[in-house]
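For ligands, and for the atoms within them, numbers begin at 1 and follow the listed sequence.
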Amino acid sequence: MTIEMDAFLTDLKNLNEVCWKNPNFGESSDSYFSLEDILDASNRLDRFAPYIAKVFPETEPTKGIIESHLVEIPNMLTTLKEKENLTTNGKLYLKCDNDLPISGSIKARGGIYEVLKFAETVALESGKLSIEDNYAKLADEEFKEIFSNYAIAVGSTGNLGLSIGIMGAKLGFHTTVHMSNDAKQWKKELLRKRGVTVIEHEGDFSKAVTLGRKEAEKDPTCHFVDDEGSRDLFLGYSVAALRLKKQFDQQGITVSEENPLFVYLPCGVGGSPGGVAFGLVTIFGPGVKIIFVEPTHAPSMLLGLYTGLNDGISVNDLGIDGKTAADGLAVGRPSRLVGNVIKPILYAATTVDDDRLYQYLTLLTDSETIYVEPSSTAGIASFVDFNQTIGSEEAFVKTGTHLIWGTGGNMVPENEMASYYKKGKTLL
Ligand SMILES: *Cc1c(COP(=O)(O)O)cnc(C)c1O
């Protein structure tokens, strides 16, 4: 395809870090989703809570609700102020989805939700479950047998595969994860240990998804989790907003136009940040300012939004390779669903160089003893860049609440995490 190049696209093409303010922010738009959709998803997760608590004992403390902590990270803020010459009186928080139970990343929201929704449909259709039942019975042999007549498949860079694979296999579904061959070895091994079929494909994430979808279409009993356009994934992520509202209330944090909430979300295909963003704007209103961040080597959502082509353009069309250490964000073409939904609610977007991801990983470990994977530190870079560029000119930024969304980390093997840390140390 031929693309009319301008200064901004040239920056993207040259892998320069950028900060972009969305000119469509605040426009009215078609409503693809509603508050009722979020509540429906939330109620479904509540129905499954007794089952989750039973089969994943690590969720007993939260009674089967898969949720992460909200923590203030004042030491990291001090470190950033010194290192980056930041001036702010705002408060800095981390949403610890890097620590989510069961699969250790933000994908434990959408991915697990979609598998549970499919399981519920199958179980209700079997006539052996009714919506008023205690869903703990789904752990019984009888249901495992029913689920074994069905399959679930997904194409993934890794973390979505972990969520779908672990949950699908636990319920008793035949579960297949299609991965690009650059996906991490430990993720493939972990899945195979849990009884999941892992199929490796040459090429990138989009290719793995396409081939996975094709394979799944041949099997009428197979449910394909489509990371490039699933409504269920999106809504599973959106429930985070209801949970965050509760945590804010408990910690006395208010959100309004005078006390805005800035949220920094790492973006791959767009489903997780899109779902969370939609939820937050729906629950908190116009006081929420959403900022997405992508690697300079994979600015797929930004490219789709800027050109207005959404999934009609890939970073490869601009000569960008899509290769990044942030494997959760290594996506060349954005979701076909999310671009239109977030067009009027996204406030800004930034891109980040891979080296800085390692540096922030090390700084976060040193200042707060919090361990996250490289994809997950992109939000820290975005916080810094937004505050130093677009945000420096705007009211309330320096006094607002800033929330970096941690997205992955606690499944990463210790030796792998140690080498990330060391790499960050040498780059600092
Ligand atoms: C998947 C992922 C993201 C981004 O989510 P998308 O739905 O692909 O946009 C961010 N961080 C981590 C660690 C992830 O695994």
Side-chain angles (χ1 to χ4, degrees), residues 68 94-100 102-114 154-166 177 179-180 183-184 187 204-206 208-209 225-238 240 263-279 290-295 298-302 304-305 311 322 324-339 341-342 346 349 352 357 360-361 371-382 404-412 416-417 420:
S68 69
L94 182 71
K95 183 65 176 142
C96 300
D97 279 10
N98 46 287
D99 250 344
L100 274 177
I102 300 179
S103 66
S105 80
I106 194 167
K107 306 296 193 313
R109 296 185 184 279
I112 288 179
Y113 173 73
E114 178 152 351
V154 65
S156 167
T157 58
N159 285 339
L160 184 64
L162 286 182
S163 285
I164 303 289
I166 293 170
V177 176
M179 281 184 168
S180 46
K184 296 263 183 295
K187 294 184 182 173
D204 65 2
F205 162 79
S206 307
V209 172
V225 178
D226 191 347
D227 201 13
E228 293 177 327
S230 163
R231 289 179 61 91
D232 288 343
L233 278 178
F234 186 93
L235 288 170
Y237 293 122
S238 75
V263 186
Y264 306 90
L265 284 155
C267 178
V269 74
S272 77
V276 169
F278 170 74
I290 304 289
I291 298 112
F292 279 11
V293 52
E294 295 174 292
S300 53
M301 183 59 73
L302 179 50
L305 287 170
D311 62 315
T324 163
D327 55 344
L329 315 179
V331 174
R333 187 183 297 278
S335 155
R336 62 181 178 277
L337 172 77
V338 174
V341 183
I342 59 156
L346 181 74
V352 57
L357 300 179
Y360 291 130
L361 186 151
Y371 300 88
V372 300
E373 61 188 85
S375 299
S376 190
T377 65
I380 301 173
S382 192
I404 292 166
W405 210 282
T407 53
N410 86 1
M411 300 286 273
V412 177
E416 196 112 347
M417 191 59 88
Y420 293 156

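- Here Ser375 has side-chain heavy atoms under 4.0 Å from ligand 1, and that is the only part of it that gets that close.
- When each of Pro334, Pro299, Ser382 is tested with Glu294 by the rule side-chain contact (heavy atoms from CB on, under 4.5 Å), just one qualifies, namely Pro299.
- The contact set between ligand 1 and Thr407, taken as ligand atoms under 4.0 Å from a residue heavy atom, comprises 10 (C), 11 (N), 12 (C), 13 (C).
- Heavy-atom contacts of Asn159 reach the following atoms of ligand 1: 13 (C), 14 (C), 15 (O) (cutoff under 4.0 Å).
- Within ligand 1, counting atoms from 1 as listed, the ones closer than 4.0 Å to a heavy atom of Leu329 are 3 (C), 4 (C), 10 (C), 11 (N).
- Shown in contact with Glu373 at under 4.0 Å from a heavy atom are these atoms of ligand 1, numbered in order with element: 13 (C).
- Residue Pro266 has no nitrogen or oxygen atom sitting less than 3.5 Å from a nitrogen or oxygen atom of ligand 1, judged on distance alone.
- Among Val225, Val269, Leu337, the one residue that satisfies the side-chain contact (heavy atoms from CB on, under 4.5 Å) test with Leu233 is Val225.
- Contacts with ligand 1 closer than 4.0 Å are made by heavy atoms of both the backbone and the side chain of Val269.
- Inspection of the Ser272 and Lys107 side chains reveals no N or O donor paired with an N or O acceptor under 3.5 Å.
- The distance from atom CD1 of Ile102 to atom CG of Leu162, rounded to the nearest 0.5 Å, is 12.0 Å.
- Listed by atom number, the atoms of ligand 1 under 4.0 Å from Pro273 heavy atoms are 5 (O), 6 (P), 7 (O), 9 (O).
- Asp99 and Ser68 are not linked by any side-chain donor-acceptor pair at a separation below 3.5 angstrom, with hydrogens and angles left out of the test.
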